[in-house]
Structures are given as structure tokens and as C-alpha cells.
Amino acid sequence: QLQLQESGPGLVKPSETLSLTCTVSGGSITTTNYYWGWVRQPPGKGLEWIGTINYSGKTYYSPSLRSRITISIDASRNHFSLKLTSMTAADTAVYYCTREENSSVDYWGQGTLVTVSS
Amino acid sequence: QSALTQPPSASGSPGQSVSISCTGTSSDIGGYNYVSWYQQHPGKAPKLMIYEVTKRPSGVPDRFSGSRSGNTASLTVSGLQAEDEADYYCSSHAVSNNLAQVVFGGGTKLTVL
């Protein structure tokens with residue numbers, strides 16, 4: 001059974017860069033049909049799509065976050081990562097790593113809460 | 001403000017049917033067969049309930065069905081059960097300024113009375 005697990009800091013200071021990693025187990029990240037990505041959810045609010053990457057490094061990013069995000073993939077470690085620069089309180093959210101096929105998320109990590117505070 | 005518009009709440013009694021709408025544009029819902037619906041219980045990750053407008057993943061009860069008319073997609077839950085009480089989100093493939101993305105609705109809280 002495929003499993004995704006996020007890892008990274010739970011607390012980030014304003015203006016700093018968030019770095020999260022998603023480790024995939026039970027399947028290969030190099031499977032050609034899938035994109036691997038990130039979705040976030042501020043406390044008490046709805047879901048926001050951040051972006052995705054495929055095994056060859058092709059990326060798609062949210063237009064509203066494009067200038068601040070980088071998603072990368074490491075096939076040798078079967079994981080992918082998110083970097084989000086210039087963090088503010090508005091970036092406080094639960095961050096989920098995901099697997100997508102045809103713009104549909106069929107697998108989700110458990111989510112990790114990231115709080116932006118000094 | 002979410003790209004797709006959903007009613008904030010919906011409700012129904014056990015055994016009844018309820019439908020949740022999701023309105024977009026010809027650049028998302030109306031233009032692509034990639035509309036999905038997710039169920040989210042409090043404190044849990046979302047769960048895929050419908051993909052490609054009408055398809056159900058393995059294990060999702062056939063009480064859940066999806067449809068689309070023009071730029072509006074709908075999720076219908078038939079034979080409501082207590083465990084169906086949750087937040088529901090729609091999403092769609094979208095293209096804006098020649099850039100592909102996924103957009104979500106703001107979510108609908110379904111209450112089973």
C-alpha cells in the first residue's frame with residue numbers, strides 16, 4: 001500500500017524559507033503516470049493547491065505562489081521536496097504531500113502543521 | 001476567494017439524498033473532464049470520492065455519484081448515513097494564461113440531521 005509521509009519543521013520564523021520533504025513508500029516515485037505534489041490547508045479553512053512535479057522534473061505551480069515555490073524530486077531516495085520562501089503568518093497551514101493522476105489526488109500524506117511565528 | 005464556488009453548507013436526514021454544487025468556468029470545470037470530489041472528516045486528510053467527473057475509486061460506496069452540466073459539477077450523496085457528515089471539496093484541472101493548475105472549491109459542510 002502506497003504511503004506518503006511529510007517531514008520538516010513545525011515552526012518557521014517570518015521571512016524565512018520553509019523546507020518540507022515527502023518520503024514515498026510502498027511504490028516508486030518514478031512511475032510515469034503520476035505527479036507528486038503539495039496541498040495546504042490553513043486552520044479552519046479550505047484546501048489550496050500548491051504545485052506538482054513528475055519523475056522527469058516537469059513542474060506545475062500555483063500562479064499565486066509561483067514566485068516563491070520550488071518543488072524538486074530525488075528518485076534515488078524516493079522522495080520529493082517543497083521550498084517556500086519569504087514565509088508570513090498567512091502561510092501557516094497544514095501541508096499535505098500528495099500523488100496526482102489527471103489532476104486528481106488519490107493519495108495524501110497525513111499532513112504536517114507549519115506555524116509561522118517569531 | 002476560491003476559484004470554484006461551493007455552498008458553505010448542506011444538510012439532510014438519514015436516508016435522504018443531498019446534492020452539493022460546484023461552479024466554475026469554461027477554463028476549468030466546463031473545459032476538462034478532470035473534476036474531483038473529496039471528503040474530509042475533522043483532523044483527517046481528505047479522501048478522494050469522485051474523479052474524472054463521474055468515476056468512483058475502489059471502495060467508495062455507490063451512494064456517492066458525480067455529474068456535470070456546463071460549468072457546474074455536482075456531488076450527490078444518496079441514502080445519507082451519519083458517517084457522511086464531513087466537509088466536501090470539489091477540484092478541477094484548470095488552464096489560465098496557458099499555465100495548467102488544479103483549483104479547489106471553498107468546501108461544503110454536510111450535516112446529517
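Proteins come first, then strands; the chains are lettered A, B, ... in the order of their sequence lines, and each starts at number 1.
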Side-chain touch [X]/[Y], heavy atoms, less than 4.5 angstrom:
X         : Y         : value
Gln41(A)  : Tyr89(B)  : yes
His93(B)  : Asn102(A) : no
Ser104(A) : Leu48(B)  : yes
Gln101(B) : Tyr60(A)  : no
Pro46(B)  : Val105(A) : no
Leu99(B)  : Tyr61(A)  : no

Side chain, backbone, both or neither: which part of Val94(A) has a heavy atom under 4.5 Å from chain B?
neither
Supply the atom-to-atom distance [X] [atom1] to [Y] [atom2], rounded to the nearest 0.5 angstrom.
X         : Y        : atom1 : atom2 : answer
Trp108(A) : Gln40(B) : CH2   : CD    : 7.5 Å
Glu101(A) : Tyr34(B) : CD    : OH    : 9.0 Å
Asp106(A) : Ser58(B) : CG    : OG    : 12.0 Å

Using non-hydrogen atoms only, which part of Pro57(B) is less than 4.5 Å away from chain A: side chain, backbone, both, or neither?
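Neither part, no heavy atoms under 4.5 Å.
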Region of Tyr38(B) in contact with chain A, defined by heavy-atom distances below 4.5 Å
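Answer is side chain: those atoms of Tyr38(B) sit under 4.5 Å from chain A.
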[X] with [Y], same ILVMFWY side-chain cluster at under 4.5 Å:
X         : Y         : answer
Phe104(B) : Ile69(A)  : no
Tyr34(A)  : Trp49(A)  : no
Trp37(B)  : Val77(B)  : yes
Val60(B)  : Tyr107(A) : no
Val102(B) : Tyr51(B)  : yes

Of all of Gly51(A), Gly37(A), Pro63(A), which one pairs up most often with chain B through heavy atoms under 4.5 Å apart?
Pro63(A)
Neighbour count above 12 (heavy atom, 6.0 Å) for Arg63(B) CZ
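More than 12 within 6.0 Å, yes.
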Please find the pair of heavy atoms, one from Ser91(B) and one from Ser103(A), that lie closest to each other, and give the distance.
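Here Ser91(B) and Ser103(A) meet closest at OG-O, 4.3 Å.
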